[in-house]
Structure formats: structure tokens, C-alpha cells
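What follows is a single structure, written as C-alpha cells, with notes after it.
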Amino acid sequence: MARESSMKRKRAVGNFFSYLLLIIIVVIWLFPFVGLVLGSFRSFDASVEYGGIVDYVIPKHFSLDNYKFVLSDETNYKRWYLNTVVIAAFVSVLQTIIVLCVSYALSRMRFAGRTLLMRFWLILGMFPGFLTMICLYFLLKEMGLTQAGAIPGLILVSVASSGMGYYVCKGYFDTIPKALDEAARIDGASRARVFFTMTIPMSKPIIIYTALVAFMAPWNDYVFASYIAFGHDASYNSAVSMYRWMNTGDYQGYFTRFCAGGVLIAIPVTLLFMFLQKYYVEGVTGGAVKG
């Protein structure tokens, strides 16, 4: 009994310090987000003096002035937000379709050059995308897909190389028994029918995972979006426009407005992950197998 009691005490002490460490990590991780939300409800007043970081972050008087400014006609934020939604939505749908088709072909079909193609894509994916920015810019410029045409240009760039992101999706398809495909083929079903009527209904988690990942990339894109839409205000997305607020406007005056814009940007993504978290996790774990 004494030994068992001693083990329980050691376990309790270990759990206490583990939970304490986790709480500290959570507080450190959440602090910037809490500061962003609180800052969005604070109106900047140049006459107010702040004694420290706590006084600066936590508003003494909550106000919706920043949100009113962001959503008013004084800025083009609503246009920028719509641009972001359009780009992310088109990229999410088109990229998901391409990734599913490529992954299914690599998982179920055997053809000459298949292994070489997969290795080539794997090696090519190790190089950072910004190495091609100059070439892509001049190519898109010749096609009229920069500045005023930046939105379709950004969609095209994001979708064009999406087939290279087949790894997780292919791993998920590999977990689906091939005997199902063979049985359907014996009954006379084409590969397309097997794909659409059998594989797709069983692949809801990986479809949602792929769509979320595809949605997140253009939703948070700043580098390439600012490069392609340079100098054309109507083609900016939210990330580029809010940075210009901070860079060219009054930093202190626009900081709280930047916070408000950031909160509005975070809301859709937060809701998506809250409602689709189950499928997202299943897609990641289901596709994390060796193909």
C-alpha cells in the first residue's frame, strides 16, 4: 500500500508540472492573438499616455470605431476582402479537384515513368517557390495577368502546380482496398465511375483536408500577392492592403485598424477549422502512411 501511495504521489506531482508547463505554453501562444482582438476594440487617441504593455494592449474603453472604419467607404477593405475570398475559393475548389485526380491516378494506376515522375515532383518540391517569382511575373505580365489582372493571375499560379501536392491524398487512397476497385471493374464499371461513385464518397476526410490546405495558402498570401498586384489598389488582397496601412499610413493610428482587419480575416478560417476539425484530423492521419 505504501509503495502504491508513493507512486500515486509521484504521478500527481508529474501531472502537476506537466499541466503547469502546458498552461504556460498556451498562455505564451495565445498572447499575440488575445492582444490582436483586444487591440481591435481600442480606438487610438494620441492624447492618451500608456504606462506599459498591459495598458497599451488592454483598452480602457471598448469601442467599435476600428471595425466601423474598416467596413466604411473610407477604405477599399470590403473590395480587398472580396478579392481574398474569390482567390481562396477558386483555388480551393480547383486545386482539390486536381489533387484528387492526380493522387488517384498515382495510387491506382501503374504506367511507365510513374516512379520517376513521383521522385521528380518530390525533388522539385524541395525548392522554395519564390525562386520562380521573377520568371512567373514576366510570364504573367505578357499574359496581362498582373496588376489589374492580378486576381486571375494569382488563381492560375496557385492552381498550376497543385498536382505536386499529392503526397497526403495519395497515402489516403492507398488505404482504400483495391479489391473494391477490382470488383467494380469486373462488374463493368469504368475507372471514372469507380472514382466518382466509390472512392470519392469514402474520401470525405481527405477531401476536406485538401480543400482547407488549398484555401489557407492564398488566404494568407502576402509575398506573391504584393508582387503581382504591385501598384494596383483594386487588386490587393487583405494581407497586402493591411500591410500598406502599417507601412505608408500613420503606424500608431492604423495599428488598431490593422487589428480589426486581422480579426475579420481570422473569423472564416477559425470557423472552418472548428466545424471541420474532425475531418481534418482524419485526413491527416489517414494519409500519413507510406504509399
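Below, each value reflects all heavy atoms present in this structure, side chains not excepted, and no hydrogens, waters or symmetry copies. Residue indices begin at 1 and follow the sequence shown.
- Pairs engaging residues 219-232 under the side chain to side chain donor-acceptor pair (under 3.5 Å) rule: His232-Ser235 [sequence neighbours left out].
- Under the 4.5 Å side-chain contact rule for hydrophobic residues, Val27 and Phe31 do not share a cluster.
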**Prompt:** Between Leu122 and Tyr167, is a side chain to side chain contact (heavy atoms under 4.5 Å, CB included) present by the stated rule, with each step listed?
**Reply:** CA-CA 9 Å; Leu122 181 63; Tyr167 314 107; 3.9 Å; yes
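- Distance OG/Ser203 to OH/Tyr209: 14.5 Å, rounded to 0.5 Å.
- Below 30°, between 30° and 60°, or above 60°: for Phe173 and Phe195 the angle between ring planes is above 60°, a perpendicular geometry.
- Separating the OG atom in Ser63 from the NZ atom in Lys68 is a distance of 6.5 Å, to the nearest 0.5 Å.
- Between atom CZ of residue Phe258 and atom CD1 of residue Ile265 there is a gap of 10.5 Å, rounded to the nearest 0.5 Å.
- Partners of Phe33 according to the ring pair (Phe, Tyr, Trp, His ring centres under 6.0 Å) rule, which considers only residues two or more places apart in sequence or in another chain, are Trp29.
- Between Gly14 and Ser18 the shortest heavy-atom distance is O-OG, 2.8 Å.
- When every heavy atom of Pro177 is checked against every heavy atom of Arg108, the shortest pair comes out as O-NH2, 3.8 Å.
- A distance of 10.0 Å separates CE in Met164 from CG in Leu117, rounded to the nearest 0.5 Å.
- Using a distance-only test at 3.5 Å, with no hydrogens or angles considered, no donor-acceptor pair links the side chain of Asn76 to the main chain of Arg79.
- Listed here is the closest heavy atom pair of Ile176 and Met202: CG2-CE, 3.7 Å.
- Counting heavy atoms from C-beta on, the side chains of Thr84 and Pro218 never come closer than 4.5 Å.
- Criterion: ILVMFWY side-chain heavy atoms under 4.5 Å apart, direct or through other members. Under it, Val13 and Phe16 are part of a common hydrophobic cluster.
- Applying the side chain to side chain donor-acceptor pair (under 3.5 Å) test to every pair with at least one member in residues 125-152, sequence neighbours left out, gives no pairs at all.
- A donor-acceptor pair under 3.5 Å links the side-chain atoms of Tyr81 to the main chain of Leu264, judged by distance alone.
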**Item:** Chi angles and distances behind the side chain to side chain contact (heavy atoms under 4.5 Å, CB included) call for Phe120, Leu124
**Value:** CA-CA 6 Å; Phe120 174 72; Leu124 195 62; 4.1 Å; yes
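- A donor-acceptor pair is defined here as one N or O able to donate and one able to accept, closer than 3.5 Å; such a pair exists between the side chain of Thr270 and the backbone of Ala266.
- Ion pairing between a basic and an acidic side chain is recognised when a charged N comes within 4.0 Å of a carboxylate O; Lys78 and Asp73 show such pairing.
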**Message:** Is there a ring-ring contact (aromatic ring centres under 6.0 Å, His included) between Tyr166 and Trp121? Walk through the geometry before answering.
**Reply:** CA-CA 9 Å; Tyr166 69 88; Trp121 278 349; 5.8 Å; yes
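- For Phe224, the ring pair (Phe, Tyr, Trp, His ring centres under 6.0 Å) test picks out no residue, with sequence neighbours left out.
- Counting heavy-atom neighbours within 6.0 Å of Met109 CE, excluding the residue itself, gives a total above 12.
- Within 6.0 Å of CZ on Phe111 lie more than 12 heavy atoms contributed by other residues, nucleotides or ligands.
- Tyr104 meets the side-chain hydrogen bond (donor to acceptor under 3.5 Å, both in side chains) test with Asp181; sequence neighbours excluded.
- Distance check, rounded to the nearest 0.5 Å: OG of Ser241 to OH of Tyr236 gives 9.0 Å.
- Leu22 and Leu20 are assigned to two separate hydrophobic clusters, defined by single-linkage of ILVMFWY side chains at heavy-atom distances under 4.5 Å.
- Ser162 meets the side-chain hydrogen bond (donor to acceptor under 3.5 Å, both in side chains) test with no other residue; sequence neighbours excluded.
- Side-chain N/O atoms of Asn66 and Ser40 include no donor and acceptor closer than 3.5 Å.
- Between Met143 and Leu156, the shortest heavy-atom contact is CE-CD2, 4.1 Å.
- Every pair tested for salt bridge (Lys or Arg N to Asp or Glu O under 4.0 Å) that includes a residue from residues 109-128 fails, sequence neighbours excluded, so the list is empty.
- Distance CG/Leu106 to CE/Met118: 5.5 Å, rounded to 0.5 Å.
- Not a single side-chain hydrogen bond (donor to acceptor under 3.5 Å, both in side chains) links Tyr77 to another residue, sequence neighbours left out.
- Nearest heavy-atom pair across Gly165 and Val99 is O-CG1, 3.7 Å.
- With hydrogens and angles ignored, the 3.5 Å screen pairs no side-chain donor or acceptor of Gln95 with any backbone N or O of Ala211.
- Residues that satisfy the side-chain hydrogen bond (donor to acceptor under 3.5 Å, both in side chains) test with Thr210, not counting sequence neighbours, are absent from this structure.
- Taking hydrophobic clusters as Ile, Leu, Val, Met, Phe, Trp and Tyr residues chained together by side-chain heavy-atom distances below 4.5 Å, Ile206 does not share a cluster with Val93.
- The backbone N or O of Tyr172 sits less than 3.5 Å from a side-chain atom of Thr175, completing a donor-acceptor pair.
- When all heavy atoms of Gly262 and Leu36 are compared, the closest pair comes out as C-CD2, 4.3 Å.
- Looking at residues two or more places apart in sequence or on another chain, you find no salt bridge (Lys or Arg N to Asp or Glu O under 4.0 Å) involving Asp187.
- Applying the salt bridge (Lys or Arg N to Asp or Glu O under 4.0 Å) test to residues at least two apart or on different chains, none of the pairs has a partner in residues 190-207.
- No option in Ile228, Asn237, Leu145, Ile87 other than Ile87 meets the side chain to side chain contact (heavy atoms under 4.5 Å, CB included) test with Ile151.
- Without hydrogens or angle criteria, Asn83 side chain to Ala234 main chain gives a donor-acceptor distance under 3.5 Å.
- Residues that satisfy the side-chain contact (heavy atoms from CB on, under 4.5 Å) test with Leu116, not counting sequence neighbours, are absent from this structure.
- Leu271 and Phe273 fall within a single hydrophobic cluster, where Ile, Leu, Val, Met, Phe, Trp and Tyr are joined by side-chain heavy atoms under 4.5 Å apart, directly or via other members.
- Ile134 CD1: 12 or fewer foreign heavy atoms inside a 6.0 Å radius.
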**Message:** Under the criterion salt bridge (Lys or Arg N to Asp or Glu O under 4.0 Å), I'd like the reasoning laid out for Arg244 against Asp233: C-alpha separation, chi angles, the key distance, then a yes or no.
**Reply:** CA-CA 10 Å; Arg244 287 181 61 83; Asp233 183 86; 5.4 Å; no
